[in-house]
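Just below is one structure, and these are the notes that go with it.
Note on naming: letters A, B, ... go to the chains in the order of the sequence lines (proteins, then strands), and numbering restarts at 1 for each one.
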Protein chains: 2
Amino acid sequence: MEFKAPKKKIQTMADLAREAGVSASTASRALRNSPLISKETIERVQSVAKEHSYRPHLGARNLRLKKNNVIVLVLPFNYAEEEVLGNPYIFKIIGTIGSKLREIGYDLLLSQMDGISEQIDDRYVHAGIAEGAIILGRGDNDPSKLERLVETGIPFVILGPILDNQTYCSVGIDNRASASMAVHHLAKLGRKRIAIVSDNREDPNAESYARFQGYKQALEELGLAYDQNLVGTSTDSGQSGYAAVQQLLCTAPDLDAIFVATSDVVAISVMQALRNAGKKLPEDVAIVGFDNIDLCNFVSPALTSISQRLKDKVASLLVEKLLDQINGKPAESVMLNGTLVVRRSCGSQTDYPLRV
Amino acid sequence: MEFKAPKKKIQTMADLAREAGVSASTASRALRNSPLISKETIERVQSVAKEHSYRPHLGARNLRLKKNNVIVLVLPFNYAEEEVLGNPYIFKIIGTIGSKLREIGYDLLLSQMDGISEQIDDRYVHAGIAEGAIILGRGDNDPSKLERLVETGIPFVILGPILDNQTYCSVGIDNRASASMAVHHLAKLGRKRIAIVSDNREDPNAESYARFQGYKQALEELGLAYDQNLVGTSTDSGQSGYAAVQQLLCTAPDLDAIFVATSDVVAISVMQALRNAGKKLPEDVAIVGFDNIDLCNFVSPALTSISQRLKDKVASLLVEKLLDQINGKPAESVMLNGTLVVRRSCGSQTDYPLRV
DNA sequence: CATGCCTGTGCAATCGATTGCATTGCGCAT
DNA sequence: ATGCGCAATGCAATCGATTGCACAGGCATG
């Protein structure tokens, strides 16, 4: 509350105006280079402002203009908990979204929420704190919550798959096609007993469901039989890869490839578990992960993974679509294709070489 | 701008007051359970408010109260760039800080900045957007910038080491002591040729400098000679571990341990590089990293690392110290001790066992 | 000389919630 | 019956920037 002012306290527009010998309205216009004001006045006001390093109070401006240039970024899961591990991916997206928003003069409010819908409305948008929301994934939320959020008229976009009949805008990758691609690749290497590790949600709206469908679809296209014994279960935590491997080696000891549909972090623990069990990678078992995090390059063997082209594309699209809505334009959902980045866990010889 | 109101539009305090048959001031007091207002009126106003799901406009309230319940979290490096990789650690801290702030009714604004000082002041605090700042590390910033920030009177805390004569509050771990601990542990395993990989900043204020000092101090205490050939250089990126190993194997082919002072991610790539060079881990070379990220458990061999007890301690302290300042209390810097988490990269046999 | 127009500037209202002070009405004591 | 005090409520100012409208002065034109 108590600042030591440099000389005289120029805190408000009125102070500034007094110092420059004009009215507050003139000062305001002068700072914004209004054509209504004479050049001399503009220069004088601006130089006084600079001298006293005056900054307009944005809270007051926002109130008057009914604007605020803030969007809220919602993490539906609790990232303070252990599951953080799963997502260098999300972190990158957050950073990129932040940069994009800054470019266009918006600030980013970070929020962790469980019950998505009402809170965004009550606490941020209707409260005049933010103009819209970017939601990073549906988390465990019932899709109906998002439909209710639509009814409030709040602009928002969500990162995630497109559901049937959804009336809002989402940006996501085509999980089904990406998963299929992974399996096709493994088959091309000659693998016949291709397992999947997935978190196996029943929910047809979950990403893992789409990935699982892609797995089955690929098997069918390849003429391979779907075998329940080749299906392993994991959560999002690194440790859960161990359990999945333990299970799979029991039900299908002859497996020769695993598509870890959950995430790269789980895939890394899967590889570790396989090694502990005496398997040679990639000779005995080939692995494909999901997300293409940077660490894929630095584990042994380097991990083949599906890249979601996150950095530019996803973040820009989220921001762009949200702004369209804020500006009253309709925004349609987008589905991106993943790409497969092949590394040595699939027999590629392209690991970083070390010349000694 | 154009919402479809449920029935009548109750957007402002005045609307609500009209609907409840009272004045705006009474309505305002009623919502806040003022003892000045009769019980019946309070109930009536609150029920009307609930019925129309009225929410006060926080921007207006903040303007009036000269408050805003927002703090800005500053990432001094650009996390949108590749270096993100280095820090699952930072991400966890952000999540935990967010939770702590929410508990006490504060929101968190995320900001990426290069020139720290002026921007925080101009854009956020003096502009009435935020009440204070938590700065996650000094980045490449000149310490004088922070001293200038002190002069503005803005409440802030910084995550990082305590510098000599610094007049603001910082929370950090004792890098020197932690590094020393790592080296002592390696020596206890019988290693004699202990190398260090560090980003080797000249800057005596850098964390890496303190860690390097700890390394030298430990060698001295142990009666081991400091050897320039045992010093490798890395940046923060995973890839840089490869170069460091290449260099070290050339200058000191007889090394039997490496303390990777940069980060665990670099340590993981160091291990990978060593393996590619035909070294057996941990038999030929023992490794200790820094940060104790979750992945330490899931690489092979599991990585021994220094834990910064980040989740609770660091985040709470940052928040607590900042709030003290906002409330006018002085806040003193704190230095925490790291702890060494021993895993198999140092010969421990405590990796996750797999029972098949 | 009077009217009109244009350039610059200031007044006052506005955004929405809060709060010091004034006001009303009622009960109780003198 | 008059006055005092207290409980409830409303009025109006406030936070700080913005903007529609009114107004002053200068110059040119009929």
Side-chain angles (χ1 to χ4, degrees), chain A residues 1 3 5 9-46 48-49 52 54-70 122-131, chain B residues 1 3 5 9-46 48-49 52 54-69 122-129 131:
Chain A
M1 287 303 137
F3 298 113
K9 41 183 178 180
I10 302 280
Q11 299 282 1
T12 74
M13 193 85 263
D15 297 337
L16 173 64
R18 192 178 324 115
E19 184 75 14
V22 294
S23 74
S25 26
T26 301
S28 171
R29 285 189 260 249
L31 287 183
R32 316 186 121 234
N33 290 309
S34 160
L36 290 177
I37 306 296
S38 69
K39 286 210 168 176
E40 304 84 47
T41 308
I42 290 188
E43 278 175 23
R44 181 157 37 91
V45 171
Q46 293 195 351
V48 173
H52 295 264
Y54 163 82
R55 300 290 153 181
H57 187 283
L58 297 183
R61 167 184 293 170
N62 292 339
L63 177 60
R64 179 62 222 257
L65 301 184
K66 296 192 168 194
K67 250 270 178 184
N68 55 45
N69 280 32
V70 170
D122 292 354
R123 186 163 170 76
Y124 298 110
V125 183
H126 273 173
I129 295 284
E131 295 176 19
Chain B
M1 288 301 138
F3 298 112
K9 43 182 177 179
I10 302 279
Q11 299 282 2
T12 74
M13 193 85 263
D15 297 338
L16 172 65
R18 193 179 321 118
E19 184 75 12
V22 294
S23 73
S25 26
T26 300
S28 170
R29 285 189 262 249
L31 287 183
R32 315 185 123 235
N33 290 308
S34 160
L36 289 176
I37 306 297
S38 70
K39 287 210 168 176
E40 304 83 49
T41 307
I42 290 188
E43 279 175 24
R44 181 157 36 92
V45 171
Q46 293 194 351
V48 173
H52 294 264
Y54 163 83
R55 299 291 152 180
H57 188 284
L58 297 182
R61 167 185 293 171
N62 292 340
L63 176 60
R64 179 64 223 257
L65 300 184
K66 297 194 168 194
K67 250 273 181 183
N68 56 45
N69 281 31
D122 292 355
R123 187 166 170 76
Y124 297 109
V125 184
H126 273 171
I129 295 286
E131 295 177 19

Taking all heavy atoms of B:A60 and all of A:L63, pick out the closest pair and write down the distance.
-> CB-CD1, 3.9 Å
Integer-rounded Å distance: D:dC15 C1' and B:I129 CD1 = 15 Å
Considering just the side-chain nitrogens and oxygens of A:K39, establish if one lies under 4.0 Å of OP1 or OP2 belonging to C:dG8.
-> no
Nearest-neighbour nucleotide for the B:S23 side chain, C:dG16, D:dG10, D:dC15 considered = D:dG10
Ignoring the backbone of B:M13, work out which of C:dT18, D:dA17, D:dT9 is nearest its side chain.
-> C:dT18
For atom CZ of B:R18 and atom C1' of D:dG10, their distance in whole Å = 16 Å
Does A:R61 put a side-chain nitrogen or oxygen below 4.0 Å from OP1 or OP2 of D:dG16?
-> no
Would one find a side-chain N or O of B:T41 under 4.0 angstrom from OP1 or OP2 of D:dT9?
-> yes
Minimum-distance nucleotide (side-chain atoms of A:L63 versus C:dC15, C:dT18, D:dT9) = C:dC15
Between P of C:dA17 and NE2 of A:H126, the distance in whole Å = 13 Å
Do A:V125 and A:E131 have side chains that get closer than 4.5 Å, going by heavy atoms?
-> no
So B:V48 and B:V45, side chain to side chain contact (heavy atoms under 4.5 Å, CB included) or not? Walk me through it.
-> CA-CA 5 Å; B:V48 173; B:V45 171; 5.9 Å; no
Do any side-chain nitrogens or oxygens of B:S38 fall under 4.0 Å of OP1 or OP2 in D:dA7?
-> no
Would you tell me if any nitrogen or oxygen in the side chain of B:Y54 comes within less than 4.0 Å of OP1 or OP2 on C:dA17?
-> yes
Least distance between heavy atoms, A:M13 atom then A:A27 atom | CE-CB, 3.6 Å
Please test B:R29 against B:T41 for side chain to side chain contact (heavy atoms under 4.5 Å, CB included), starting from the C-alpha separation and ending with a verdict.
-> CA-CA 10 Å; B:R29 285 189 262 249; B:T41 307; over 6 Å; no
Taking only the side-chain heavy atoms of A:R29 (C-beta and beyond), determine which of D:dG20, D:dG16, D:dT9 contains the nearest atom.
-> D:dG20
From the candidates C:dA17, C:dG10, C:dG16, the one with an atom nearest any side-chain atom of B:P56 is C:dA17
Roughly, in whole Å, what's the span from CG in A:L58 to P in D:dG16?
-> 13 Å
Can you check whether any acceptor in the base of D:dT14 is under 3.5 Å from a donor in the side chain of B:R64, or vice versa?
-> yes
Would you mind reading off the distance between A:H57 atom NE2 and D:dT18 atom P, rounded to a whole angstrom?
-> 12 Å
Rounded to whole Å, CG of A:N68 lies from P of C:dC15 at a distance of 17 Å
Using a heavy-atom cut-off of under 4.0 Å over every strand shown, decide if B:S25 touches base, sugar-phosphate, or nothing.
-> base
Whole-Å distance separating the CG atom of A:N62 from the C1' atom of C:dC15 | 11 Å
Start with the C-alpha gap between A:D15 and A:Y54, add the side-chain angles, then the distance that decides, and say whether side chain to side chain contact (heavy atoms under 4.5 Å, CB included) holds.
-> CA-CA 10 Å; A:D15 297 337; A:Y54 163 82; over 6 Å; no
Counting side-chain heavy atoms from CB outward, which of C:dC15, C:dT19, D:dG10 is closest to B:T26?
-> D:dG10
OP1 or OP2 of C:dT18 under 4.0 Å from side-chain N/O of B:S28 = yes
What is the distance, rounded to the nearest whole Å, between atom NZ of B:K66 and atom C1' of D:dG16?
-> 9 Å
